[in-house]
Amino acid sequence: MNAIEITGLSFSYPLANRPALQEINLSVKPGEWVSVVGANGAGKSTLAQVIRGLVPHFSKGDLSGRVLVNGRDLATLSVGEITADVGYVFQNPFTQLTGVATTVYAELSYGLGNMGVPPVEIRRRVDAMLESTKLTKLAARNPFELSGGQQQRVALAAILVMEQPILVIDEPTSQLDPETTNAMFELLAAAHSAGRTVVLIEHKMEQVAQFSERVIMLHDGRLVLEGTPEQVFTDPQCESYGVRLPESLYLQRALEQRGVLLPDKALSVNNLVMQLVKLGMHPRTAKSEPAQDDVPVIHPERFSTTQPVTPALLEIDRVTFSYPNGVEAIHEVSLNLRAGESVAIIGQNGAGKTTLAKLVNALLRPSSGEVRINGQSTAKWTAAETARRVGYVFQNPDDQIFNKSVYAEVEYAPKRWGLSEAEVRRRVVDALHLTGLTGSQNLNPYDLPLSVRKFVTIASTIALDTDMVIFDEPTAGQDLRGLNRLITILRELAARGKTVITITHDMEFVSQNFSRTVVMTDRQIIADTPTEETFYLNEVLAKAMLDQPAFPELTRNFFSNDIGLSMNALASAVVEQLGR
Amino acid sequence: MYEPITPAGNAVQRANPLVVVCLVLCCLIDGLFIGSKYLLFFFPTSVVVVAVAGNLKRYLALLAAVMLPTATLMFVLQLLANEGGVTYWHWWIIRATELGFDNAIHYTARFVVIGTAVFTLICLVKLSRFTRALEQCGVNPRVTYVLQATVLIIPQMKKRVAVILDAQRARGIETDANLRVRMKALLPVAAPLILSALTSVEERAVSLEARGTTLPGKRTSLLQVNNSTFDKVICIVAVLICGGVIIAVQANWWMP
Ligand SMILES: Nc1ncnc2c1ncn2[C@@H]1O[C@H](COP(=O)(O)OP(=O)(O)OP(=O)(O)O)[C@@H](O)[C@H]1O
Ligand SMILES: [Mg+2]
């Protein structure tokens, strides 16, 4: 008997102009790991909700076809009964907390109590789950007073602890730092090897390729590709469906374009390294490893000396901040940004990135220290006055959206500022155009998927036309198109002379789009360097729970750090070594 | 290591919330029958009990913020709205008379009794323990869930208001200069506020669903509310006394 058996499944939401799912046939064997990939809007989350029985029991619409879970027809089961078989982590990490628990511990034990698990067993399981999700330290905290990534981890842990035989998990790592992402995948792998069935929706293709036994690709509601990760990712059609490939494939392609031909498709950097070694490259031996990189933290002053001196637009001067619950989130942080500069802030979950952004934007006020903009302290201004100089795109778009249509949302602030009608219109049209939302301007933001809602908040911030903009996790949950759109926006803002801070967990995105990167961990900035150096600072990366992007991960096997992030430099070094 | 079960506190903190609710309700009903003099007993007792529970600060804050202004307003309105009997004091067309005074005392006292009872309950009874106690008595978990969800609506709305004010502040719209500015920021979003509260109720329902809130079968919990025969006896005695007082007052056997 299959764990999941779907035949001829089609589904349309009410009022939608095309079906969300069309003629899907899928069977998943017990204990199998199937990953579902596809562009935003391809129907992945709807499929997950069908398997969980929320569609059509909860979200109404037209469903045809048959869905069996553990041999039982979902049409005959209540949503409650399905809970016993299927654990479901849904996409939006910010709405998964039940609100009935005041501690992380209670949040995890709640589901077990509903299942009637004896108290002794509840304690054993919750303790173990907290341990393996590294949440033990946060057990007594209120789940609503956690960072975005911490909340997402709690949501995942709260489902995993219930130990249902089938897990349906929708983008469980979108807000997680790279190391925690890996840890969560290890956890899923452990559940999988304990015999549980995993259906995973995920944009992080390296992990999909590494862990899944089977990958299915959805496109416009249809199942268009199916097979092993290798079969799917090397299919010539794959890219045309708007998903990112595992990064190693891009590296391989770039090498091929520069004349380095490899026999097999490399689904991982390790495989790429192996093939290069087979071709005759010499891996660096432990001996040639440089002494543990003792590169000192490079302070912002360095930039003002090496660059033509323009005055700092933003000066964060020894700022410390504690939340009302006593948690110190920022400790003596200093950072300078020149006008027109674009920097990335990366670092582990709970490091204080969001808190720092809110301190700059004056939603929070420093406990000590000072934030200056154009040399003036923001302490003298109201939050609103500061916000007219610094736009902030929240980590959770739903914290920011409160109007009935996309247009109204973007127009709201400029209109309230009392700008002329023509100017308001100009700004709104420009912001909608830049974010690709012109066609959706009359829709209710809440009818758009989370990834697009993020762009709604970006548009409403661009329309403010502030000198400085802070993006908090804009890359989370975005497909290839979304990422490209973001790159366009960043370039356009740079062209307009805006100062931009981007907070993200996407290391590839950072390595390809920023020249300066700030690393935060445990309330502090621990590195502030040119990006091509950042990703070779092994100690810093480890401390901040970060990963190397594919490029340095590859090069460090063969060369010393001076390759930086230049593909041409890598290719010619490879060609040179192979030529010898 | 975090200890999820808070060690038993003093008698008030440990008390079965159902017993607490029963006792306070009995006090409330008696108070409505007896009137102002009853407050001399009820009010100080409530202060002492809440203080023992360790929640005095919140209690006093609630009284000061809600009860004091409302009760005062009520008293003044009642005082001036009714005329009759001896005139104690007058100025221009405003007149405080004996009848007005009696009426004011009558209604305000009952209002204060209700307020005292409600705030005492808020400060003594933890929602989680209360619903758990109900479950232990065999109440259907769906009922306790609805109860819990309803009580949580207000704090969630409050949170949502704070979030929307932040969202506006972040877009350069003044929100905290004074009450008028605050209203100006909130009014245009009142409708969407309710709308988004409803959407989040829906999403919350899904997240609760995912944790098996509607799973058939029995519930367990780390939280155990002690449920003794002694508790039952107290409740029965309280109800009897309460009934006795009502009969006594109605039959005019005894009028405090
Ligand atoms: N509202 C809050 N109340 C109390 N503590 C909070 C609150 N929000 C965050 N914290 C705590 O402050 C610290 C920093 O959180 P912050 O949200 O700034 O982290 P972050 O770097 O943005 O993390 P993430 O990558 O997960 O978004 C964490 O320890 C977090 O638990
Ligand atoms: Mg954050």
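Throughout, protein chains are lettered first and strands after them, A, B, ... in sequence-line order, and every chain is numbered starting at 1. Just so you know, these numbers use all the heavy atoms, side chains as well, and skip hydrogens, waters and symmetry mates.
With a threshold of 4.5 angstrom between heavy atoms, A:R389 does not approach chain B through any atom at all. Only the side chain of A:N361 comes within contact range of chain B, with at least one heavy atom under 4.5 Å from a heavy atom of that chain. Using a 4.5 Å cut-off between heavy atoms, A:M115 touches chain B through backbone and side chain atoms alike. Contact annotation for B:V151: neither backbone nor side-chain heavy atoms come within less than 4.5 Å of a heavy atom of chain A. Of the atoms belonging to B:Q148, it is side-chain heavy atoms, and not backbone ones, that fall under 4.5 Å from chain A. At a 4.5 Å heavy-atom cutoff, the contact between A:T98 and chain B is made by backbone and side-chain atoms alike. B:T213 touches chain A through backbone and side chain together, each having a heavy atom under 4.5 Å away. Both the backbone and the side chain of A:E107 come within less than 4.5 Å of a heavy atom in chain B.
Separation of atoms OG1 (A:T386) and CZ (B:R169) is listed at 11.5 Å; rounding is to 0.5 Å. If you take CG on B:L215 and CD1 on A:I82, they are separated by 11.0 Å, rounding to the nearest 0.5 Å. Atoms CD1 and CZ, on B:I173 and A:R388 in that order, are 7.5 Å from each other to the nearest 0.5 Å.
Ranking A:L464, A:T461, A:T466 against chain B, the residue ahead of the rest is A:L464, based on heavy-atom pairs under 4.5 Å. Heavy-atom pairs under 4.5 Å with chain B peak, among A:A387, A:A384, A:A158, at A:A384. Interface check for chain B: of the options A:Y392, A:Y110, A:Y88, the most heavy-atom pairs under 4.5 Å are formed by A:Y110. Top candidate by heavy-atom pairs under 4.5 Å with chain B, chosen from A:G99, A:A362, A:G391, is A:G99. Looking only at heavy-atom pairs under 4.5 Å with chain B, the residue among A:G111, A:G87, A:A101, A:A140 that has the most is A:A140. Ranked by heavy-atom pairs under 4.5 Å with chain B, the first of A:Q400, A:Q49, A:E81, A:R123 is A:R123.
The minimum heavy-atom distance between A:F402 and B:R171, with the atom names listed, is CE2-NH2, 3.6 Å. Considering all non-hydrogen atoms of both residues, A:D399 and B:A167 come closest at O-CB, 3.5 Å. Here the closest non-hydrogen pair linking A:V79 and B:E209 is CG1-CG, 3.3 Å. The shortest heavy-atom contact between A:T95 and B:S207 is O-OG, 3.2 Å.
Checking each of A:I159, A:L112, A:T83 against B:R211 for a side-chain contact (heavy atoms from CB on, under 4.5 Å) leaves exactly one that passes, namely A:I159.
Side-chain N/O atoms of A:Y412 and B:Q168 include a donor and acceptor closer than 3.5 Å.
No donor-acceptor pair closer than 3.5 Å links the side chain of B:T220 to the backbone N or O of A:P119.
Atom CZ of B:F230 sits in a sparse spot, with 12 or fewer heavy atoms from other residues, nucleotides or ligands closer than 6.0 Å.
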